[in-house]
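When reading the values below, keep in mind they use all heavy atoms of this one structure, side chains included, and skip hydrogens, waters and symmetry mates. Since the structure is predicted, the reported quantities are computational estimates derived from the model, not experimental observations. Just so we're on the same page: letters track the sequence lines, and every chain starts at 1.
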2 protein chains.
Amino acid sequence: MNLSIAEENYIKSIYKLEEDSPDSVTTNALAAELDTKPASVTDMAKKLKEKKLIDYEKYQGINLTAEGKKTALQIIRRHRLWECFLVNKLAFSWEEVHELAEELEHVRSEKLTNRLSEFLGNPTTDPHGDPIPDAHGKMGKPRIQTSLHKARAKRLEVVAVSDRSTALLEFLNAKGIRLGTQLDVIERYEFDNSIELKIKNQPAFTISEQVSKSIMVKPI
Amino acid sequence: MNLSIAEENYIKSIYKLEEDSPDSVTTNALAAELDTKPASVTDMAKKLKEKKLIDYEKYQGINLTAEGKKTALQIIRRHRLWECFLVNKLAFSWEEVHELAEELEHVRSEKLTNRLSEFLGNPTTDPHGDPIPDAHGKMGKPRIQTSLHKARAKRLEVVAVSDRSTALLEFLNAKGIRLGTQLDVIERYEFDNSIELKIKNQPAFTISEQVSKSIMVKPI
DNA sequence: AATAAAGTTTAGGTAAATCTAAATAAAACG
DNA sequence: CGTTTTATTTAGATTTACCTAAACTTTATT
């Protein structure tokens with residue numbers, strides 16, 4: 001199937017929202033995710049339904065079909081492989097690669113994708129810790145992980161960051177938070193859900209609820 | 001300046017046509033090059049003139065401005081670097097990379113381009129032998145070798161054969177065409193782009209367009 | 001259950017890049 | 001030099017992906 005870049009971006013976003021909660025994806029949520037207007041989402045939903053990539057009935061939300069999921073996984077595979085390339089081969093830091101991969105992922109060539117994967121040593125996770133689907137669309141389950149916002153353990157290890165906005169990633173970098181960083185939770189403030197953290201050999205600092213929701217951790 | 005992919009492709013094609021002959025580029029020639037209609041070219045010419053990337057007066061043809069040339073060289077740089085990457089790192093053969101590079105070239109990031117160049121060892125020519133502009137838009141002399149299909153000189157020397165199919169190589173062998181062979185072009189037939197050739201002390205013979213595209217030559 | 005609020009869709013419109021057909025200008029020719 | 005041919009431009013449509021404003025559904029709240 002020949003998809004436009006816009007269509008691919010919709011598929012990818014629907015996949016992402018379905019992953020977070022397996023209910024139907026709402027028009028509003030998708031509009032927010034894609035930074036567009038609900039009316040535009042409705043337009044595109046009709047088109048993607050026509051192409052049998054989503055199930056959609058008006059007012060009933062959106063879900064990917066099997067075909068749609070397959071498509072999404074191909075896009076995600078390309079995206080994450082390019083992120084690996086940029087970080088491992090071109091020495092980009094993990095917070096700058098998302099936007100570039102966002103463009104590179106739309107070059108649709110299976111041969112290119114598979115050769116790139118091979119060149120990188122068929123990696124199974126990207127620089128943010130997310131699993132990379134293989135050539136058949138098989139993807140390792142995301143690790144047992146919660147957001148720092150929900151975690152209750154005192155000592156944690158950072159395993160992924162779910163938000164790819166450059167601003168956030170730069171902030172985390174400045175604080176010394178990256179994959180594998182070990183964090184100690186000093187205090188949780190009820191009134192605004194902010195969290196005071198400490199990294200070994202560094203002064204403690206506080207992060208907002210919003211940031212804590214984007215940091216995925218596992219207990220150690 | 002922020003250009004659409006369509007605009008970039010126009011700029012690149014104008015550059016190419018100007019390179020071949022330094023006169024103004026005609027609407028028709030550009031339409032043929034871009035596989036589009038003359039009317040579309042006229043529309044785009046107005047837009048690119050507005051952006052000061054070309055000089056254009058109606059019925060007078062098109063030429064790149066200094067700014068337009070700079071833009072073209074950036075695009076060509078990206079294209080040729082990606083071709084190097086595909087051939088040298090991903091083991092593509094040189095005849096399959098053009099279309100992929102055509103897509104990759106539109107990812108506009110100076111940082112990516114320069115890092116890619118560095119990663120490849122700052123190559124100065126691409127896998128076809130064409131020079132790669134440096135980060136400042138400086139480019140070495142255009143290569144002397146082309147396919148026999150494109151060459152315009154009458155007397156040529158064979159420098160490479162790009163197709164490895166046994167059938168073709170047997171055919172060339174039978175005709176006495178090998179590396180270093182000197183060819184005289186007797187006639188070019190417009191209707192099917194076939195070419196009549198002569199090798200010293202042998203009877204003349206004709207080759208198809210397809211074959212002529214696989215024979216790389218340089219003028220002597 | 002009635003009404004308010006929130007969410008979604010429709011209707012109608014815009015901008016980019018294309019097209020066809022018709023009009024006009026430039027070039028080539030007798 | 002006028003006429004025909006070729007090249008180019010204009011006019012008007014089309015498609016894709018958006019948008020706003022208004023209408024309509026669904027859900028939440030009294």
Review point. Hey, is the side chain of B/Tyr10 poking within less than 4.0 Å of OP1 or OP2 on C/dT18, counting only N and O atoms?
Key: yes
Tell me: [atom1] of [X] to [atom2] of [N], nearest whole Å?
X: A/Asp35; N: D/dC19; atom1: CG; atom2: C1'; value: 13 Å
X: B/Leu30; N: D/dT8; atom1: CG; atom2: P; value: 10 Å
X: A/Lys37; N: D/dA22; atom1: NZ; atom2: C1'; value: 16 Å

Exercise for review: Heavy atoms under 4.0 Å is the rule here; annotate nucleotides 6-15 of chain C 5' to 3' with B where the base is hit, S where only the sugar-phosphate is, and - elsewhere.
Suggested key: -BBBB-----
Practice item. Go through residues 2-9 of chain A and report each residue with a non-hydrogen atom lying under 4.0 Å from DNA chain D, sorted by number. Key: A/Ser4, A/Ala6
Among residues at least two apart in sequence or on other chains, which ones pass side chain to side chain contact (heavy atoms under 4.5 Å, CB included) with [X]?
X: B/Asp134; value: B/His136, B/Lys138
X: A/Pro38; value: A/Thr27, A/Asn28, A/Ala31
X: A/Glu196; value: A/Ile186, A/Glu187, A/Tyr189, A/Ala204, A/Thr206
X: B/Glu110; value: B/Asn114

Point to revise | NZ/B/Lys198: more than 12 non-hydrogen atoms of other groups inside 6.0 Å | key: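 For B/Lys198, atom NZ is crowded (more than 12 foreign heavy atoms under 6.0 Å).
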Check your understanding: Hey, is CD on B/Gln182 packed in by over 12 heavy atoms from elsewhere, all under 6.0 Å?
Key ->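 Result for CD/B/Gln182: enclosed.
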Exercise for review: Given side-chain hydrogen bond (donor to acceptor under 3.5 Å, both in side chains), test B/Asp126 with B/His79 step by step and report yes or no.
Suggested key: CA-CA 9 Å; B/Asp126 75 9; B/His79 181 100; 6.0 Å; no
Practice item. Identify whether NZ of Lys or CZ of Arg in A/Lys89 sits under 6.0 Å from the centre of the six-membered ring of B/Phe85 and within 45° of that ring's axis. Key: no
